[in-house]
Participant: 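Quick one: structure below, then a few questions.
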Amino acid sequence: MTGLFPYLCIDIFVIFLTLFIMRKQIVFLHPFTMYLFFHLVVISARAWQLYNGSPPMYAENYSFENIKEHEFIRAIWMADIALLFFSLFSWLGQFTFFPKSKLQRKMSYYKMEVNTVNMVCMVCLPIGLILFSLIKLGFPLPDTSYFGAFGQWLICCILILIFTKGFKTPLVISAGFYLTIVAVQGYHRTQLILPIIFLIGLDLIRRQKKWPNKYIIIFAIMGSMIFPQLKHIGWAVSDGEYGRALTLLITPFSEPPQEKREVTEKNPTGIKVSSIQFLDQYAGSLTMLDNKEKHYYGSTYLAMVTLPIPRLLWPGKPGLGDHTIEVSTHTRQYDVEGRIITYIGESYFNFGYYGIFIVPSILAFWLSRWFHKLRHYKNDSLSLCLWLIVYSSLIQVFRDGLSSFVTFTIMINTPIFFILFWVHISNIMRKK
């Protein structure tokens with residue numbers, strides 16, 4: 001795809017331009033840092049792969065419609081615009097335009113009270129441990145996402161305890177044991193990455209540093225080398241092929257062959273699908289929406305409100321991916337394959353080209369404003385712990401869409417909101 005070259009040059013220019021805009025603000029915990037990482041991995045790196053001859057999505061299956069060059073071109077320049085506006089409004093987030101509300105002033109000084117944390121974790125941690133163990137052991141559970149989300153209460157409670165009590169040896173060992181299990185399992189890599197981001201951010205806050213030290217950077221580089229292979233390592237372990245798992249571990253840059261697995265409803269070809277083609281999925285979805293000749297005008301975000309309602313009580317409730325299912329075709333089966341369209345594609349689905357300006361701008365200003373307020377909070381602030389949870393989930397939000405704020409911030413981290421609710425009620429009672 002040689003036609004991508006001019007747009008790759010523009011992409012590089014926009015990246016350096018945004019770095020110049022944010023040069024005085026950018027630190028590890030700033031939301032722009034995570035957004036830039038998302039753009040580099042999902043957009044830039046994949047675009048260079050395509051330019052250097054990597055086949056686009058569906059190229060290996062002649063019965064499907066592969067993603068065309070002109071689709072990639074549009075997706076790249078739209079992503080560049082989103083990056084530029086995200087940086088501009090992140091820069092604006094350092095300024096105060098609106099006075100703080102009374103609720104904001106009160107919440108700023110909420111503390112992570114040890115007794116409240118212990119009380120919540122005594123209830124939530126055993127629930128998370130039981131569900132997490134049952135899931136990893138393959139115990140049959142009812143077909144609902146709630147059990148998977150509540151199983152993450154285990155690591156959420158461990159992280160909250162580390163935030164409250166410090167990097168105590170038993171807590172660090174517990175976190176390490178959990179991370180080792182999910183790393184070897186390989187399927188849900190977010191269960192590994194999100195806690196690691198939280199712990200790195202917490203370490204920086206405790207040491208009052210802007211960036212990780214050289215040892216963490218070396219560890220992150222080694223982890224990033226292994227990360228693309230984690231899913232294949234997990235498959236090898238689950239299949240009992242430990243020799244192949246070891247080979248993949250020590251040869252992180254090798255290209256894993258396509259391997260056959262059982263044909264299922266979500267995997268009709270039986271081929272293990274690569275998870276690095278996010279640009280392809282996002283680019284293809286734009287054309288699919290154009291063919292439907294419609295926009296959703298924010299209705300896709302309503303699923304965030306209805307998500308907590310169990311489907312057993314409301315079988316026909318809106319789903320997080322209903323809009324993707326609706327635009328799917330027999331030659332691009334996003335509904336069957338569970339493809340993602342990124343938050344940029346989601347913005348286009350809702351508001352057309354206007355969404356590429358509106359959504360990144362609002363999101364960047366809100367996140368950046370919150371971050372700048374947090375710089376004045378004490379280390380035991382409840383709001384600071386909430387920010388670490390939100391920040392660590394941003395990579396999923398940018399990749400999957402704004403609905404992931406509910407999935408990866410609230411549902412799997414409900415214990416922190418139990419603490420927030422209890423502390424708020426306690427403060428009200430004390431004033432009375």
Side-chain angles (χ1 to χ4, degrees), residues 112 116-164 170-171 174-199 234 266 303-315 317-321 338 382 385-397 399-425:
M112 292 287 285
T116 304
V117 170
N118 289 338
M119 179 183 64
V120 171
C121 289
M122 283 179 61
V123 177
C124 295
L125 195 150
I127 294 174
L129 177 60
I130 292 171
L131 289 175
F132 179 79
S133 301
L134 293 176
I135 292 171
K136 297 306 174 185
L137 293 174
F139 189 86
L141 294 172
D143 187 17
T144 174
S145 59
Y146 285 94
F147 288 107
F150 296 163
Q152 297 307 297
W153 287 6
L154 169 62
I155 187 61
C156 177
C157 289
I158 293 174
L159 295 178
I160 291 172
L161 289 169
I162 292 176
F163 181 92
T164 307
L171 296 175
S174 299
F177 185 68
Y178 169 90
L179 295 175
T180 301
I181 292 176
V182 296
V184 173
Q185 181 260 349
Y187 286 96
H188 303 290
R189 291 174 288 181
T190 57
Q191 297 178 10
L192 173 68
I193 299 302
L194 270 58
I196 289 178
I197 295 174
F198 181 99
L199 292 171
K266 290 188 176 181
M304 290 190 287
V305 179
T306 61
L307 182 63
I309 303 174
R311 195 167 290 276
L312 293 174
L313 300 178
W314 186 4
K317 78 170 184 176
L320 297 179
L382 179 54
C385 186
L386 279 171
W387 172 253
L388 287 174
I389 289 175
V390 170
Y391 179 79
S392 61
S393 69
L394 285 181
I395 190 66
Q396 287 296 131
V397 172
R399 197 202 75 163
D400 295 344
L402 299 189
S403 299
S404 293
F405 269 124
V406 177
T407 307
F408 290 96
T409 301
I410 299 178
M411 289 192 64
I412 68 175
N413 294 295
T414 312
I416 188 65
F417 293 94
F418 291 157
I419 294 171
L420 174 62
F421 175 77
W422 186 263
V423 171
H424 182 60
I425 296 298

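Atom set for the values below is all heavy atoms of this structure, side chains included, hydrogens, waters and symmetry mates excluded.
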Participant: Gly148 and Ile135: which non-hydrogen atoms are nearest, and at how many Å?
Facilitator: CA-CD1, 3.8 Å

Participant: Taking the side chain as every heavy atom from C-beta outward, state whether Phe417 and Leu386 have any atom pair closer than 4.5 Å.
Facilitator: yes

Participant: For Thr409, enumerate each residue passing the side chain to side chain donor-acceptor pair (under 3.5 Å) test, keeping only those at least two apart in sequence or located in another chain.
Facilitator: Ser393

Participant: Please round to the nearest 0.5 Å and tell me the distance separating atom CD1 of Ile425 and atom CG of Leu420.
Facilitator: 10.0 Å

Participant: What heavy-atom pair brings Ile158 and Leu171 nearest, and what distance separates the two atoms?
Facilitator: CG2-O, 3.8 Å

Participant: Might you work through the side chain to side chain contact (heavy atoms under 4.5 Å, CB included) test for Thr116 and Phe418, ending with a clear yes or no?
Facilitator: CA-CA 9 Å; Thr116 304; Phe418 291 157; over 6 Å; no

Participant: With rounding to the nearest 0.5 Å, note down the distance linking CD1 in Ile162 to CG in Leu199.
Facilitator: 5.0 Å

Participant: Is the shortest heavy-atom distance from the side chain of Ile389 to the side chain of Phe198 under 4.5 Å?
Facilitator: yes

Participant: If the condition is side chain to side chain contact (heavy atoms under 4.5 Å, CB included), which residues does Phe177 pass it with, not counting sequence neighbours?
Facilitator: Ile181

Participant: Closest approach of Gln396 and Ser404, non-hydrogen atoms and distance?
Facilitator: O-OG, 3.7 Å

Participant: If you measure from CE on Met112 to CD1 on Ile419, what distance do you get to the nearest 0.5 Å?
Facilitator: 4.5 Å

Participant: Going by heavy atoms in the side chains, are Ile416 and Leu382 under 4.5 Å from each other?
Facilitator: yes

Participant: From Asp400 CG over to Phe408 CZ, what is the distance, rounded to the nearest 0.5 angstrom?
Facilitator: 5.5 Å

Participant: Provide the closest heavy-atom pair for Pro170 versus Ser174 in the form atom of the first, atom of the second, distance.
Facilitator: O-OG, 2.8 Å

Participant: If we only count heavy atoms from C-beta on, is the Ile412 to Gln191 side-chain gap below 4.5 Å?
Facilitator: no

Participant: Not counting sequence neighbours, which residues clear ring-ring contact (aromatic ring centres under 6.0 Å, His included) with Phe150? List them please.
Facilitator: Tyr146, Trp153

Participant: Can you list, pair by pair, the side-chain donor-acceptor contacts under 3.5 Å of residues 119-127, counting residues two or more places apart and other chains?
Facilitator:
none

Participant: To the nearest 0.5 Å, how far apart are CG in Leu394 and CG in Leu194?
Facilitator: 9.0 Å

Participant: For Leu137, give me all partners under side chain to side chain contact (heavy atoms under 4.5 Å, CB included), at least two apart in sequence or on another chain.
Facilitator: none

Participant: Show the nearest heavy-atom pair for residues Gly176 and Thr180, with the distance to one decimal.
Facilitator: O-OG1, 2.8 Å

Participant: For Leu129, check side chain to side chain contact (heavy atoms under 4.5 Å, CB included) against everything at least two apart and list the hits.
Facilitator: Ser133, Leu154

Participant: Taking side chain to side chain contact (heavy atoms under 4.5 Å, CB included) as the test, write out the residues that go with Ile197, two or more places apart.
Facilitator: Met34, Ile193, Tyr391, Ser392

